[in-house]
Protein chains: 2
Amino acid sequence: MSQYTPASGSIAHSIASKIEKMIADSELLPGQKIPSERQLCSRLNVSRSAVREALRELQARQLITTEQGKGSFVAEIIPQAKQSPFLQLYFDHSRTLYDLYEVRQQLEGQAAELAAQRATQKDLYRISKAFEDMEQSQGRSRAHYDKAFHQAIAEASHNPVLIHVLASLEELIMHSVQASVSNLYHLKDTREQMNKHHRQIYQGIIKGNPKSAQKAAIAHVSFVSNCLQKFEQQGSNVIRDAVLNK
Amino acid sequence: MSQYTPASGSIAHSIASKIEKMIADSELLPGQKIPSERQLCSRLNVSRSAVREALRELQARQLITTEQGKGSFVAEIIPQAKQSPFLQLYFDHSRTLYDLYEVRQQLEGQAAELAAQRATQKDLYRISKAFEDMEQSQGRSRAHYDKAFHQAIAEASHNPVLIHVLASLEELIMHSVQASVSNLYHLKDTREQMNKHHRQIYQGIIKGNPKSAQKAAIAHVSFVSNCLQKFEQQGSNVIRDAVLNK
DNA sequence: CTAAAAAACTGGTCAGACCAGTAGTGATAA
DNA sequence: TTATCACTACTGGTCTGACCAGTTTTTTAG
């Protein structure tokens, strides 16, 4: 076949998308064999290199597995949703979680500091509401309000870059950590400590005391980081025990 | 080259792993260009198809982006910051530059602080070299060494997250600002002020004084930000005059 | 009928060619 | 002088056809 087709994106990618769709539509079932590369070539009227790159893409995304001499097969397990690339990258280093929190600590501190300086009435209302919701909530929903609280503070900094970066870090952390922050709430003293931190941050912002808010935010993130670090080491059995004993 | 190497897994995958590791180790920074496919071919002594499949794998995992005619680039840790409609919205406003520097200020401070604590002999050597190169250089190349200096410090923090975020911010700043930092050097008093800052940062790190280094870095970034802000307002005619009068 | 050998698959790699965008260079025209 | 445009030398994208290295099937020799 001649070599034309300017194509949108790339042929290889469009092939990958086709196969992906077939898998998604259950036309190809897990464990099932995918037509051989040479078959796909002639059927789709493209070169083998294009097909190979397409398969390599699906391979990287763990949608298929490939064995030399045998063929390519639809992967058995698909469940894991897309997780952030950079995290997968760091997954080996357990230090990564610490690194993430180290940076986050600094930026949360800055966000709280700026929020104390710049928050409008509207911002203060939102922060107050988030704070109260958080105090009253329990269990799983607590994590949600926790997040909302921090986000409200970030937005009150009125620095879009800061907001954006913090949101990115949040996402990385979410994907990274197995023991969700919500688990920490199951330990009584931990919970009380975090409440205390939150109140300090809140007070600092409301009263327009930047340094106080910053300091509290840094202490808070630092504390959470340390707790998570401990759990990472001991495994999550501690949490389970605590939950069971409750 | 002949085609041997039964290889474990596959050549393509091992190439991908190599590049992945370089990204993880911050040897390749976000936004940075990856050697062209043909360069990688000859350097690694493999065929282009193998290289292409490796890049396709990294592409699928969103660790790199590829553009026809341009090349492949390490992806940003801050997802689609440039495309983010949220940030794009603010990009016109000159305030955005201020926002960028506000965050950068904080992170450069942290980087300097950590560098003063964690820098190895190798790090110190690199930082020293960058510092001396910068002091001796003039004109356009100065901006290059300036960047290298800050980058060396960031890497000495040994926090990959921090390194990547700073690199991403650098990218955003580059895109945002018309008046390059290098222009600032054309003003004598500005130049001297920056030299002074750089020396303070350098001394703080070399002597292992985190707080001093942090403070100097924050002051430095703050100063640069203010200067740029001024020029943005007045237009760049001031710079031109200064250059002409020299 | 069985077991070993051969043939016909499979994916993995290599080589060289050409197409299609991009960017820098230099010559030409205004 | 400056601005424009064609040209050239990059970049990635695709195609072709060959050979290597495993796996499976078929054939063949015992």
Side-chain angles (χ1 to χ4, degrees), chain A residues 1-19 23 28 31-76, chain B residues 1-19 23 28 31-75 82 140 144 174-175 240 244:
Chain A
M1 178 133 211
S2 59
Q3 50 245 29
Y4 40 57
T5 35
S8 62
S10 77
I11 289 191
H13 183 66
S14 74
I15 294 176
S17 298
K18 270 183 196 168
I19 298 178
I23 296 177
L28 289 173
Q32 191 173 340
K33 185 164 184 281
I34 288 180
S36 77
E37 295 178 355
R38 288 171 176 86
Q39 283 179 341
L40 287 173
C41 289
S42 63
R43 190 185 303 184
L44 299 174
N45 263 308
V46 295
S47 74
R48 202 177 146 209
S49 22
V51 169
R52 278 190 60 76
E53 289 185 23
L55 294 182
R56 181 69 70 174
E57 180 180 331
L58 296 174
Q59 229 171 301
R61 298 174 49 192
Q62 302 188 27
L63 287 175
I64 66 174
T65 63
T66 298
E67 291 175 83
Q68 185 174 12
K70 293 183 179 174
S72 294
F73 307 83
V74 178
E76 296 287 351
Chain B
M1 177 146 209
S2 60
Q3 49 244 29
Y4 38 60
T5 36
S8 61
S10 76
I11 290 190
H13 183 66
S14 75
I15 295 175
S17 296
K18 267 185 198 168
I19 298 178
I23 297 177
L28 289 173
Q32 191 172 338
K33 187 168 184 288
I34 289 180
S36 77
E37 295 178 355
R38 288 169 177 88
Q39 281 179 339
L40 288 173
C41 289
S42 62
R43 189 184 304 181
L44 300 175
N45 263 308
V46 294
S47 73
R48 205 179 143 207
S49 13
V51 170
R52 278 190 60 77
E53 289 184 24
L55 294 183
R56 181 70 69 175
E57 179 179 332
L58 296 174
Q59 231 172 302
R61 297 176 50 193
Q62 302 186 32
L63 286 176
I64 66 173
T65 62
T66 299
E67 290 174 82
Q68 186 174 15
K70 293 183 180 174
S72 292
F73 306 84
V74 179
K82 270 175 280 188
R140 220 157 271 118
H144 171 260
M174 289 298 227
H175 272 73
R240 293 226 179 98
L244 292 177

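Every chain is numbered from 1 and lettered A, B, ... according to where its sequence line falls, protein lines coming before strand lines. The basis for the numbers below is simple: all heavy atoms, side chains too, and nothing from hydrogens, waters or symmetry mates. Treat the numbers as computed from the prediction; the structure is a model and nothing was measured.
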>> Rounded to whole Å, how long is the line connecting atom CG of L40(B) with atom P of dT13(C)?
In response: 15 Å

Nearest-0.5 Å distance, [atom1] of residue [X] to [atom2] of residue [Y]:
X	Y	atom1	atom2	answer
K33(B)	S72(B)	NZ	OG	8.0 Å
I19(A)	L28(A)	CD1	CG	8.0 Å
E37(B)	T66(B)	CD	OG1	7.5 Å

> I11(A) has a side chain; which of dT13(C), dC15(D), dC14(C) sits nearest to it?
Replying inline: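 The closest nucleotide is dC15(D).
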
> Under the side-chain contact (heavy atoms from CB on, under 4.5 Å) test, which residues partner R38(A), sequence neighbours left out?
Replying inline: S36(A), R48(A)

>> I'd like to check the salt bridge (charged side-chain N to carboxylate O under 4.0 Å, His left out) partners of R56(A); sequence neighbours left out, ordered by chain and number.
In response: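 For R56(A) the salt bridge (charged side-chain N to carboxylate O under 4.0 Å, His left out) partners, ignoring immediate neighbours, are E53(B).
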
Under 3.5 Å between N/O atoms: give me all the protein pairs with nucleotides 9-12 of chain D, atom names plus distance.
{"unit_1": "dT11(D)", "atom_1": "OP1", "unit_2": "S36(B)", "atom_2": "OG", "d": "3.2"}
{"unit_1": "dT11(D)", "atom_1": "O2", "unit_2": "G69(B)", "atom_2": "N", "d": "3.3"}
{"unit_1": "dG12(D)", "atom_1": "OP1", "unit_2": "E37(B)", "atom_2": "N", "d": "3.4"}
{"unit_1": "dG12(D)", "atom_1": "OP2", "unit_2": "E37(B)", "atom_2": "N", "d": "3.0"}
{"unit_1": "dG12(D)", "atom_1": "N7", "unit_2": "R38(B)", "atom_2": "NH1", "d": "3.0"}
{"unit_1": "dG12(D)", "atom_1": "O6", "unit_2": "R38(B)", "atom_2": "NH2", "d": "3.3"}
{"unit_1": "dG12(D)", "atom_1": "N2", "unit_2": "Q68(B)", "atom_2": "NE2", "d": "3.2"}

